[in-house]
Amino acid sequence: MTIIVTGGAGYIGAHVVQALAESGRDVVVVDDLSTSSAARVDGFPLHRLDLAAPSAPDELAQVLTSHGATGIVHLAAKKQVGESVARPEWYFRQNVGGLGTVLEAARAVGCDRLVFSSSAAVYGEPAGGVVTEETPAAPINPYGQTKVVGEWMVRAAERAWGLRQVALRYFNVAGAGRPDLGDPAVLNLMTLVLDRLERGEAPVIFGDDYPTPDGTCVRDYVHVADLAEAHVAALDHLERPDRSDTFDVGSGRGVSVAEMLTAIAAASGSTIAPRVVDRRPGDPAVLVATAERIRTELGWAPRRGLDEIVASAWEAWRAQRAAGLDPIRPTA
Ligand SMILES: NC(=O)c1ccc[n+]([C@@H]2O[C@H](COP(=O)([O-])OP(=O)(O)OC[C@H]3O[C@@H](n4cnc5c(N)ncnc54)[C@H](O)[C@@H]3O)[C@@H](O)[C@H]2O)c1
């Protein structure tokens, strides 16, 4: 059983590659290395391919055929919200066009199992903040819109030619399964805070007057190694017929920004007090999954808690600096 992992050299992808290999599957990586490095998937076959390029469908079909691929996990995408606002046409070409390539190639060679990386960004700013898969999608930026369109595309392929598909809507992903597989991008709370602490700067809290217990925003964090295991569960699910579905991948537990900063301070030993500034537009007060469907249907639940998420992120952050690797910073 050979699984093609697009975006397999990325932060999450490298963990998915490890988890699939540990589950006994053969794994082949397809990645253009635009935001990652081949060193993260050392020892696995890697095809360097830009999925948004015009020639990509034929090239990917060739990869699928030559490896006898039975399934695809499609993670390759651009993920910077600010950049997606500044360059929406490019984001749609990358994320929607890249998925179009995957579906075209899969159909051409009869590879009919796909796990698609979606995002909690599909929910936008939902009333109440606690969501299920039935909560209407209402993305508030082009990045989130590309994920909604992606979910439509995989469902349309299911109806048109019998693709079996699972869309996983990831909530806040953090931590590292190994010190050399940390998140290199300074785009989310965890890495933003670690980056500031390393430079001796105060972590920033965007608003402490939200209607939450401590006034700061509440999110749902998942350890990246647990998330990777959800992909194994999704592929197992697709072994059975008629099992296409969409799942929120969250812990079902909300953690506030202030709680997260306290945990990071404990792990890092930092005594720098956070600085509170104005709210940012587009930050819902609460965004947490019930995550009941994935527990019931896939038998998946996170095994690692907040302490392990934070400790592993901190260890990986230091390992990246020790290896002389620069963080990836937002481009817009
Ligand atoms: N990190 C998160 O918190 C988060 C949350 C929700 C959803 N996601 C989704 O998970 C997936 C993986 O995210 P990540 O955090 O690992 O990001 P990442 O940037 O580390 O990984 C993306 C990978 O895709 C590759 N890639 C990008 N464009 C490509 C193209 N046109 N052709 C081939 N390869 C391409 C990159 O080189 C990289 O290896 C993405 O689809 C992202 O939208 C991530």
Side-chain angles (χ1 to χ4, degrees), residues 4-18 29-41 44 46-57 59-60 63 72-81 83-84 90-102 105 115-123 139 141-151 154 167-177 181-192 219-224 226-228 230-231 247-250 287 289 309 313 320 327-331:
I4 305 294
V5 181
T6 76
Y11 165 52
I12 298 169
H15 289 88
V16 172
V17 166
Q18 289 296 331
V29 176
V30 170
D31 200 302
D32 68 356
L33 304 180
S34 52
T35 60
S36 58
S37 109
R40 296 174 69 91
V41 283
F44 292 93
L46 167 67
H47 293 271
R48 193 164 183 178
L49 174 58
D50 173 4
L51 292 168
S55 58
E59 290 176 54
L60 182 61
V63 172
I72 302 171
V73 178
H74 177 56
L75 297 113
K78 302 294 187 280
K79 64 168 182 179
Q80 295 188 27
V81 169
E83 190 181 43
S84 81
W90 188 69
Y91 259 69
F92 278 90
R93 180 180 293 278
Q94 285 290 311
N95 293 3
V96 174
L99 175 58
T101 291
V102 169
V115 179
F116 169 60
S117 296
S118 188
S119 168
V122 301
Y123 293 115
N141 52 60
Y143 168 70
Q145 289 164 356
T146 68
K147 294 299 184 184
V148 174
V149 175
E151 291 189 9
V154 297
L168 296 178
R169 293 176 175 163
Y170 310 163
F171 278 65
N172 292 61
V173 188
L181 295 185
D183 186 353
V186 183
L187 293 173
N188 56 46
L189 177 66
M190 178 73 74
T191 49
L192 281 164
R219 295 290 179 269
D220 186 336
Y221 289 89
V222 186
H223 193 295
V224 66
D226 283 328
L227 173 65
H231 294 74
F247 297 98
D248 290 335
V249 193
L287 188 55
I309 291 174
Q320 285 179 48
I328 298 172
R329 295 186 191 285
T331 53

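Both ligands and their constituent atoms are indexed starting at 1 by order of listing.
- The residue among Lys78, Arg93, Met190 with a heavy atom at the shortest distance from atom 27 (C) of ligand 1 is Lys78.
- Annotation: Ser118 places no N or O atom under 3.5 Å from an N or O atom of ligand 1; distance criterion only.
- Within the 4.0 Å heavy-atom cutoff, Asp183 does not count among the residues contacting ligand 1.
- Residue Phe171 has no nitrogen or oxygen atom sitting less than 3.5 Å from a nitrogen or oxygen atom of ligand 1, judged on distance alone.
- The CG atom of Leu60 sits 11.5 Å away from atom CG of Asp50, with the distance rounded to the nearest 0.5 Å.
- The heavy atom nearest to atom 42 (C) of ligand 1, out of those in Tyr221, Tyr170, Tyr143, is found in Tyr143.
- Shown in contact with Ser119 at under 4.0 Å from a heavy atom are these atoms of ligand 1, numbered in order with element: 6 (C), 7 (C).
- Checking Ser119, Ser117, Ser118 one by one against Arg169, the side-chain contact (heavy atoms from CB on, under 4.5 Å) holds for a single residue, Ser118.
- Residue Tyr11 comes nearest to Pro184 through the heavy atom pair CB-CD, 4.0 Å, listed as atom of the first residue, atom of the second, then distance.
- Under the 3.5 Å distance criterion, the side-chain polar atoms of Arg40 are left unmatched by any main-chain donor or acceptor of His15.
- Considering every non-hydrogen atom in both Gln94 and Lys78, the closest pair reads OE1-NZ, 2.9 Å.
- Interface atoms of ligand 1 facing Ala77, defined by a heavy-atom separation under 4.0 Å, are 22 (C), 24 (O), 27 (C), 40 (C), 41 (O).
- Side chains of Asp183 and Met190 form no contact here, defined as non-hydrogen atoms less than 4.5 Å apart.
- Here the options are Asp220, Val222, Val224, Leu75, the test is side-chain contact (heavy atoms from CB on, under 4.5 Å), and the partner is Tyr170; only Leu75 passes.
- Residue contacts with ligand 1 do not include Asn188, since none of its heavy atoms lies under 4.0 Å from the ligand.
- Between Lys147 and ligand 1, at least one pair of N/O atoms sits closer than 3.5 Å.
- In Leu33, the part holding a heavy atom less than 4.0 Å from any atom of ligand 1 is the backbone.
- Numbered from 1 in the order shown, with element, the atoms of ligand 1 that lie under 4.0 Å from a heavy atom of Leu49 read 32 (N), 33 (C).
- For Asp248 and Tyr123, the side-chain atoms include at least one donor-acceptor pair closer than 3.5 Å.
- Two residues are said to be in side-chain contact when any heavy atoms from C-beta on lie closer than 4.5 Å; Val173 and Asn188 fail this criterion.
- Each of the following atoms of ligand 1 lies closer than 4.0 Å to a heavy atom of Ala76: 24 (O), 26 (N), 34 (N), 35 (C).
- Remark: ligand 1 and Gly10 share an N or O pair separated by less than 3.5 Å (distance only, no angle test).
- Heavy-atom contacts of Ala9 reach the following atoms of ligand 1: 39 (O) (cutoff under 4.0 Å).
- Some N or O of Leu75 is nearer than 3.5 Å to an N or O of ligand 1, by distance alone.
- With a 4.0 Å heavy-atom cut-off, ligand 1 is reached by no atom of Asn172.
- The only option from Gln80, Gln145, Glu83 that meets the side-chain hydrogen bond (donor to acceptor under 3.5 Å, both in side chains) definition with Tyr91 turns out to be Glu83.
- Looking at ligand 1, you'll find an N or O of Ile12 within less than 3.5 Å of one of its N or O atoms.
- Here OG1 of Thr6 is found 13.0 Å from NE2 of His47. Values are rounded to the nearest 0.5 Å.
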